[in-house]
Amino acid sequence: MLKFIAKRLGISLAILVLGSLLLYVLVINSGDPLQDLRESNDPNRENRIRQRIENMGLDMPWYERYWDWLTGASRCLVGQCDLGTAINGQSVNALVATAAASTLRLVVLASLLAIVIGVILGIITAIRQYSGFDYGVTLFAFIAFSLPVFWLGVLLKHYAAIEFNNWIVDADLSWPVILAVAAVLAFILQAALGGDLKRRLITFAAVAVGIVAILTYFDLVTWFRRPAIGIPVYVLGVIGAAVLVIVLTSGFHNQRVRNAVAATAGVALVGYIAVRGFLMTSATIPILLVCFVAAIAVAVAAGQLLGGFSRRQATLASVVTALLASLLAIADLLLSNWSGYLKEQPRPIPTIGSATPNYESTFWMHSLDALTHIVLPTVTLMLISIASYTRYTRASMLDVLNQDYIRTARSKGISERKVITRHALRNSLIPLATIVAFDFAGLIGGAVITETVFGWQGMGNLFRTGLAAVDPAPVMAFYLVTGTAAVTMNMLADIAYAILDPRIAR
């Protein structure tokens, strides 16, 4: 495996260097960096032209200029990057420090959400092949995949930002809206669960009544302006997550896995109840990271100590339970601060920018501010990626489900849950390992347009302004960050591929 990783790393570095050379040549030949000064009537024009030539090294051969950039970029390996200066004299290092964080935060979050949601939908549609739910998800996938990024972004700005901000002032739900939402969600769920007509009708009626009751309660207590999960709901949520993890992994018959997951859930409940008050008032990113690492450590310890012969499966189930409990805790803390955030930001969903300028408040208020700014561009990128993940997962899952070993497993009397989770799922994910890498690179390209629509000062803006000014320094900085991220994802995909199928690394 180490030899395989070293080989992939060498190939990745070679691709980065060759790609940087090609891009540099294309940028410096795309126009005249002195055009604006040549057309200027400034009496000091000749002096300014000489200064720009000197600052940009335009009096040097192109290969010397490229070598200077490559030398400075290579110092990033030791933490001493020198990416030069932009055409206006600004340090590109400083520009990248801000822009890279914005773009990678957006792209990584969109990728993770798209993978999780897309894979889940793909598995369900494969299991429910040729059902109404399958056709509905397929229709959604084709529509989402065909939508232009800029048009989808504009629609979200209008309906999910402007209209939502108008509605949240009163946050009231009329009966037609409640009934319509309940009917749509109930119809989708009964289509996903399937069954005969009687079972479908019972599912539809039960879900519809439940959603009507929940939305009516939310409307009466103005939950959308003062939401909170609270300790009782958190307890039920963690218990439900633990039960779901057990059902999807080993089933309740495996006492060792069950005990490990139960221990993890119990420690998560006690720990969160003990520190919730402290986190509400004194939370910081380092403190949250310490809590998260502690939760994972407890999960690993529970799996290793209580797992017995099922130690590996118990550890995995415990870690997933701890992760879900941590996410639920973060959601509770954020929702508990939502009403306070609405007082400071009456129109909470912004349509432009990645943060509110000069906004001073608590840690959780700043977290909500960052989330409300990132939600629309993330959804824009995520919807398009979900479509491809759904279709690829469905096709891969169907191909695996038709294999002989799946039929053999079913003929032995193995439950359908085990056939799906233990035998089919892992093998169906092998082709997706490659798709993830390509999609990540595609998302970076789409982020250039998305950042323009939502006014994000990210790597896309750096690339666009540098290219317009025929300034290679910002463009090459864009390539260095996004290209390295894309190549790294490809390398990780190859490694994941080898882990899923060890024969590849031989």
Side-chain angles (χ1 to χ4, degrees), residues 1 4 115-138 141 189-196 199-200 203 242-261 303-304 306-321 388-437 493-506:
M1 178 63 75
F4 175 78
I115 291 170
V116 173
I117 299 174
V119 169
I120 292 174
L121 287 177
I123 292 172
I124 296 175
T125 52
I127 297 173
R128 304 276 300 116
Q129 186 183 17
Y130 301 136
S131 64
F133 182 78
D134 182 22
Y135 288 127
V137 172
T138 300
L189 188 58
Q190 64 83 25
L193 296 177
D196 55 24
R199 178 180 173 180
R200 288 173 177 268
T203 302
V243 171
L244 179 63
V245 170
I246 293 174
V247 170
L248 293 178
T249 54
S250 64
F252 284 96
H253 67 277
N254 192 324
Q255 183 178 358
R256 298 182 184 277
V257 175
R258 188 181 64 209
N259 292 342
V261 172
Q304 293 295 313
L306 303 176
F309 292 108
S310 302
R311 190 174 291 114
R312 180 178 179 183
Q313 191 175 28
T315 301
L316 176 61
S318 299
V319 169
V320 173
T321 303
S388 58
Y389 283 122
T390 300
R391 299 306 298 167
Y392 280 119
T393 304
R394 179 184 182 275
S396 180
M397 194 73 176
L398 287 175
D399 181 62
V400 172
L401 288 175
N402 290 324
Q403 297 296 318
D404 291 338
Y405 69 90
I406 296 294
R407 285 191 287 268
T408 302
R410 285 171 172 162
S411 66
K412 289 181 178 180
I414 298 177
S415 65
E416 189 67 13
R417 176 188 58 80
K418 288 185 179 180
V419 170
I420 298 298
T421 57
R422 291 190 182 182
H423 298 277
L425 181 58
R426 176 171 177 171
N427 290 326
S428 67
L429 292 179
I430 292 177
L432 286 178
T434 304
I435 303 301
V436 169
D494 290 337
I495 295 173
Y497 212 106
I499 294 174
L500 292 171
D501 188 354
R503 294 172 298 177
I504 296 175
R506 294 174 183 173

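Everything numeric here is computed off the predicted structure, so don't read it as measured data. Hydrogens, waters and symmetry mates play no part in the numbers below; they use all other heavy atoms, side chains included.
Here CD1 of Ile127 is found 4.0 Å from CD1 of Ile420. Values are rounded to the nearest 0.5 Å. To the nearest 0.5 Å, atoms CG (Leu425) and CD1 (Ile123) are separated by 4.5 Å. Remark: Ile117 CD1 to Thr390 OG1 distance equals 9.0 Å, nearest 0.5 Å. The OG1 atom of Thr321 sits 7.0 Å away from the CD1 atom of Ile246 when rounded to the nearest 0.5 Å. For the atom pair Arg394 CZ and Leu121 CG, the distance stands at 12.0 Å (nearest 0.5 Å).
Ala260 approaches Ala314 most closely through the heavy-atom pair CB-CB, 3.9 Å. Taking each heavy atom of Val419 and Ile406 in turn, the nearest pair found is CG1-CG2, 3.8 Å. Residues Gln304 and Thr315 share a closest heavy-atom pair of NE2-OG1, 3.0 Å. Closest approach of Ser428 and Met397 over heavy atoms only: OG-SD, 3.4 Å. The two atoms that bring Val257 and Ser310 nearest to each other are CG2-CB, 3.9 Å, heavy atoms only. The nearest pair of heavy atoms linking Leu401 to Ala424 is CD2-CB, 3.8 Å.
Asn402 places a side-chain N or O within 3.5 Å of a backbone atom of Leu398 that can act as its donor or acceptor partner. When atom types are taken as modelled, the side chain of Arg128 and the backbone of Ala191 share a donor-acceptor pair closer than 3.5 angstrom. Side chain of Arg256 to backbone of Leu306: no donor-acceptor contact under 3.5 angstrom is found. No donor-acceptor pair closer than 3.5 Å links the side chain of Ser396 to the backbone N or O of Tyr392.
Within 6.0 Å of OH in Tyr130 there are 12 or fewer heavy atoms belonging to other residues, nucleotides or ligands. Heavy-atom contacts from other residues, nucleotides or ligands closer than 6.0 Å to CZ of Phe133 number more than 12. More than 12 heavy atoms of other residues, nucleotides or ligands shown are found within 6.0 angstrom of CD on Gln129.
For Arg407 and Asp404, the salt-bridge test passes: some basic side-chain N is under 4.0 Å from an acidic carboxylate O.
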Verdict with reasoning, Val247 to Phe252, per side-chain contact (heavy atoms from CB on, under 4.5 Å)
CA-CA 7 Å; Val247 170; Phe252 284 96; 3.6 Å; yes
